[in-house]
Every structure is written in structure tokens, then in C-alpha cells.
Engineer: 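So that we are looking at the same thing, I have put the structure below in C-alpha cells.
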Protein chains: 2
Amino acid sequence: MRFAVYLPPQAAGGPVPVLYWLSGLTCTEENFVVKAGAQRVAAELGLALVVPDTSPRGLDLPGEAESYDFGLGAGFYVDATEKPWAAHYRMYSYVVGELPALVGAEFPIDVERAAICGHSMGGHGALTVALKNPQYYRSVSALAPICSPLHCPWGEKALAGYLGADRKRWRIYDAVALLDDFGWDGPPLLVDQGTADQFLDVQLKPQLLHAACERAGMPLTLRMQEGYDHSYFFVASFIADHLRFHASHLGLAQD
Amino acid sequence: MRFAVYLPPQAAGGPVPVLYWLSGLTCTEENFVVKAGAQRVAAELGLALVVPDTSPRGLDLPGEAESYDFGLGAGFYVDATEKPWAAHYRMYSYVVGELPALVGAEFPIDVERAAICGHSMGGHGALTVALKNPQYYRSVSALAPICSPLHCPWGEKALAGYLGADRKRWRIYDAVALLDDFGWDGPPLLVDQGTADQFLDVQLKPQLLHAACERAGMPLTLRMQEGYDHSYFFVASFIADHLRFHASHLGLAQD
């Protein structure tokens with residue numbers, strides 16, 4: 001498994017807090033690093049960035065490369081239960097357990113002070129990973145997340161493939177279902193969503209997240225950004241706000 | 001010829017000043033747009049960005065694709081005089097004349113308020129284009145520029161190929177020679193250079209620019225940036241400083 005790490009200059013003086021970034025469909029660990037322009041602000045704040053790939057690579061499983069929204073580049077941050085995926089497609093356990101243990105051991109990163117953020121499929125990943133593990137993440141945010149894989153074609157295809165046909169078993173990987181089932185005691189969720197995003201109505205559906213937060217009595221900062229699309233230009237436009245949001249909950253001083 | 005344009009929100013209220021960005025070897029008009037993270041600051045300042053490609057494309061001239069440092073992606077911002085390049089490889093005239101006329105006519109851009117900046121081969125381009133045309137550019141800066149193509153392998157290969165063997169004819173495309181011959185009455189040149197740049201000693205040679213500025217009595221702000229390499233991560237780290245430098249000379253208000 002490949003991942004990218006950005007260490008701010010403050011890491012020379014001891015372990016720094018970390019923001020995990022989960023990427024969207026078709027991405028590797030490189031897209032965010034090259035396109036989001038996050039490092040300059042992370043350097044200012046003293047925040048490490050850890051950016052995993054979006055699926056295992058190099059397994060040559062049958063069908064893994066047939067579509068952009070399943071298999072390679074599309075791990076959906078679940079632990080698969082169906083063959084042939086179950087033995088390898090375990091992105092949930094990887095993000096929650098293996099990756100933090102590794103970066104905590106190998107880098108000057110204080111994994112006890114962690115937050116998580118992501119884009120599109122990775123926004124779904126960030127939300128579900130945090131909602132299921134509030135003890136590990138001080139705050140969570142997302143840009144153009146898939147809000148409910150139970151209620152969109154991308155999610156239905158991926159969860160059926162990785163988890164099988166029983167939709168009840170999908171609920172532990174659905175942010176809306178998790179909010180309904182468990183709530184969230186952390187700080188408000190921060191979500192940015194472009195109004196000109198071509199996936200807004202069919203795949204992303206922030207209104208479902210909004211309704212779930214209302215039902216759960218959970219504060220949600222949902223910012224509909226006029227005219228922005230689904231691209232990394234959208235991410236680059238607002239990533240600084242997300243870094244500062246997380247820094248404030250991680251106890252980092254800001255100007 | 002392809003080029004990229006970024007218009008800040010202020011352009012909705014009328015023409016805005018422009019910064020031309022000239023890219024380095026192997027780049028197209030996309031690299032800076034995707035990797036430099038400049039748009040967020042340009043939006044804040046109200047500065048348009050115009051980013052040309054680095055050579056003509058699609059001509060299929062003999063030898064144009066044989067090396068990364070000559071032909072495609074390596075126009076060197078000169079008007080070639082040698083066959084078969086002379087009819088097409090005219091990046092100097094394109095950047096100075098055709099491109100400003102086009103963007104001034106087609107976009108809400110005030111090309112009378114212009115500045116120019118570039119990286120590596122594009123840093124050489126920005127310096128030489130501005131030094132030869134002080135009437136067009138209020139300020140000029142460069143990141144890791146080729147400071148004197150007369151005195152490095154990249155420059156000798158390119159200028160010999162495009163301009164022929166007579167080195168006297170290269171001087172109008174050499175920043176050091178131009179400073180010696182014509183000086184510069186504009187604001188100080190701003191140059192950032194990473195100390196861990198793998199091309200520093202053989203190709204870039206900022207000491208030649210420093211010496212030429214001393215001879216010309218010309219202020220140079222040469223910042224040697226400890227540990228930075230030649231990549232777009234270096235550009236992304238310091239591009240905001242360059243945008244603010246140019247904004248100050250273009251009369252844009254800043255916080």
C-alpha cells in the first residue's frame with residue numbers, strides 16, 4: 001500500500017498532529033498532494049498530512065480494472081466480505097488501524113491528535129470512518145462527499161460488490177445511517193459542496209446528510225458553494241478552510 | 001497554440017491586470033494551473049493569470065520530439081531563425097505580441113497592466129521578455145530561472161538549434177547579456193532559487209545574474225531557499241510571494 005506524507009517544519013521539534021485525507025474515485029495518493037495546494041497552509045499550521053491510496057494495487061483480481069467506480073481506485077473505505085475482494089480490499093481497517101500505527105511509528109506524528117477529511121468517495125470515507133470511531137478523530141470534514149451510498153448508484157454498485165446484496169450490512173458504511181444509529185458528539189461536521197457539481201443530484205445528495213443531522217440534533221456546517229464543480233480546483237479553493245477548521249479542534253495556534 | 005487563463009472574481013466588474021506565467025521544459029499550459037496553487041491568491045488579489053504552452057504542437061517537424069530540451073515543450077521563448085524552426089517556433093513574438101493582443105480582445109483583461117514570471121526555462125523567458133520590453137511589463141520575477149543560456153548546456157543546445165552557431169545573435173535572449181547591454185529601470189528583480197536544486201550549478205547559475213545586476217547597478221532580490229529542489233512543490237511554496245510582489249507593482253490593493 002502506498003501513501004503520501006507531508007511533514008510541516010514544526011515536526012523537526014517533535015510530533016505534530018495529523019490530518020488524514022481520503023481521496024475520491026480514480027485517485028491515487030498523488031492527486032491531493034499535487035493538486036490541492038494544501039502544504040503551504042499545513043506548513044503554517046504545523047499539521048502533518050497523510051494521504052492513502054484509494055485501493056490495493058497490483059493484485060490482478062478478476063474484474064478489478066473493468067470500471068472506474070469499482071475495484072482499482074475505488075475501494076470505498078470498506079472491509080469487503082465478498083470474494084475475491086474480502087482478502088485484500090480492506091480499506092476501512094487500513095485507514096483506521098494499520099495506517100495510523102505505521103505513520104505513528106515511522107514519522108514524528110502524534111496520531112492521538114488526528115482529524116480526517118476527504119473528497120467525494122473520500123468524503124464518504126472520512127464521514128463514516130469518523131462516525132464509527134469518534135475516539136480516534138477530533139473533527140471531520142468533507143468536500144462534495146457521497147453522503148449516503150445506500151442511496152446512489154456509485155454506492156449501490158460498490159457496496160453490493162464488496163459487501164453482498166443484504167443492504168442491512170451496508171449501514172455501517174453509510175454516513176446517514178450511522179448518524180441515525182449512533183449520532184456524533186464531536187464538533188460540527190464541515191461540508192462544502194459546489195452547486196455546479198455534475199454529481200450533486202444523483203450521487204452526492206447533501207440534503208440526506210442535512211436531514212440526518214437534523215434528526216440527530218447534530219450541528220452541520222453545510223456550505224453550498226455557488227458555481228463550483230467536482231474538480232480539484234474546487235478542493236483547492238476551500239482546502240485552507242478545512243485545514244484551519246481541523247487545526248482549531250486539534251489545539252493548534254493560529255494567527 | 002493553447003494557453004490557460006484564470007480570471008479572478010473581480011473581472012466581473014471590469015478588466016483586471018494580468019500576470020503572464022512562462023513554464024519550464026516539458027511543460028504544457030496545464031502544469032502551472034494544476035500544480036502551483038496560485039489561483040486562490042490571484043482571486044484574493046484580483047489578478048488574471050495567463051499561461052501559454054512552451055512550444056508549438058502538432059507540426060511534426062523532423063526531430064521536434066527527439067529530446068526533452070529542444071523542440072516540443074522547449075521553445076525557449078525565442079524567435080527561431082534556423083530551418084525548419086523559423087517558420088513556427090516563434091515563442092518570443094507570441095508571448096510579447098500575439099498572446100497579449102488575443103487575451104486583451106477576448107477576456108476582461110487590461111493588458112496595459114501586466115507583469116511576467118516563470119520557472120526554469122520560463123524564468124529565462126520572463127527575464128528576457130521583460131528586459132527587452134520594459135514598456136510592457138511593470139515587474140518581472142522568476143523561480144529557479146536559467147539565468148544565462150549562453151553559459152549552460154540547455155541554453156547552448158537550444159540557442160544553437162534555433163538561432164545558429166553565431167553566439168553574438170544569442171545575446172538578445174540572454175538575461176545577463178541584456179542587463180549588460182540595456183539595464184533595467186523597473187522595480188527590483190525577484191528571484192527564488194532552491195539550494196537543493198539538481199540543476200543549480202550546471203544549468204541555472206544565479207551567480208551570473210547576481211553579478212550582472214551588480215555591474216548594471218540594478219537591484220536584485222535573490223532568495224536562496226534552503227533545501228528546496230526544482231519541482232513544482234518549490235513553485236507552490238513561493239508563488240504567493242511572487243503574486244503579491246507583482247500585485248504591489250500593478251497597483252492592486254492588498255490586506
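Atom set for the values below is all heavy atoms of this structure, side chains included, hydrogens, waters and symmetry mates excluded. In what follows, chains carry the letters A, B, and so on, assigned in the order in which the sequence lines appear, proteins first and then strands, with residues in each chain numbered from 1.
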Engineer: Could you pull out the closest heavy-atom pair between A:Ser237 and B:Arg40, with the gap in Å?
Structural biologist: O-CD, 3.9 Å
Engineer: In terms of heavy-atom contacts, does CD of A:Gln207 have more than 12 from other residues, nucleotides or ligands at under 6.0 Å?
Structural biologist: yes
Engineer: Does atom CZ of A:Arg2 have more than 12 heavy-atom neighbours, drawn from other residues, nucleotides or ligands, at distances under 6.0 Å?
Structural biologist: no
Engineer: Show the numbers, then the answer: is there a side chain to side chain contact (heavy atoms under 4.5 Å, CB included) between A:Phe233 and B:Val33?
Structural biologist: CA-CA 9 Å; A:Phe233 294 118; B:Val33 169; 3.6 Å; yes
Engineer: Can you tell me which portion of B:Ala38 sits under 4.5 Å from chain A's heavy atoms? Options are side chain, backbone, both or neither.
Structural biologist: neither
Engineer: With a sphere of 6.0 Å drawn around CD of B:Gln198, does it hold more than 12 non-hydrogen atoms of other residues, nucleotides or ligands?
Structural biologist: yes
Engineer: At a 4.5 Å cut-off on heavy atoms, which part of B:Val41 comes close to chain A: side chain, backbone, both, or neither?
Structural biologist: side chain
Engineer: If you draw a 6.0 Å radius around CZ in B:Phe3, do more than 12 non-hydrogen atoms from other residues or ligands fall strictly inside?
Structural biologist: yes
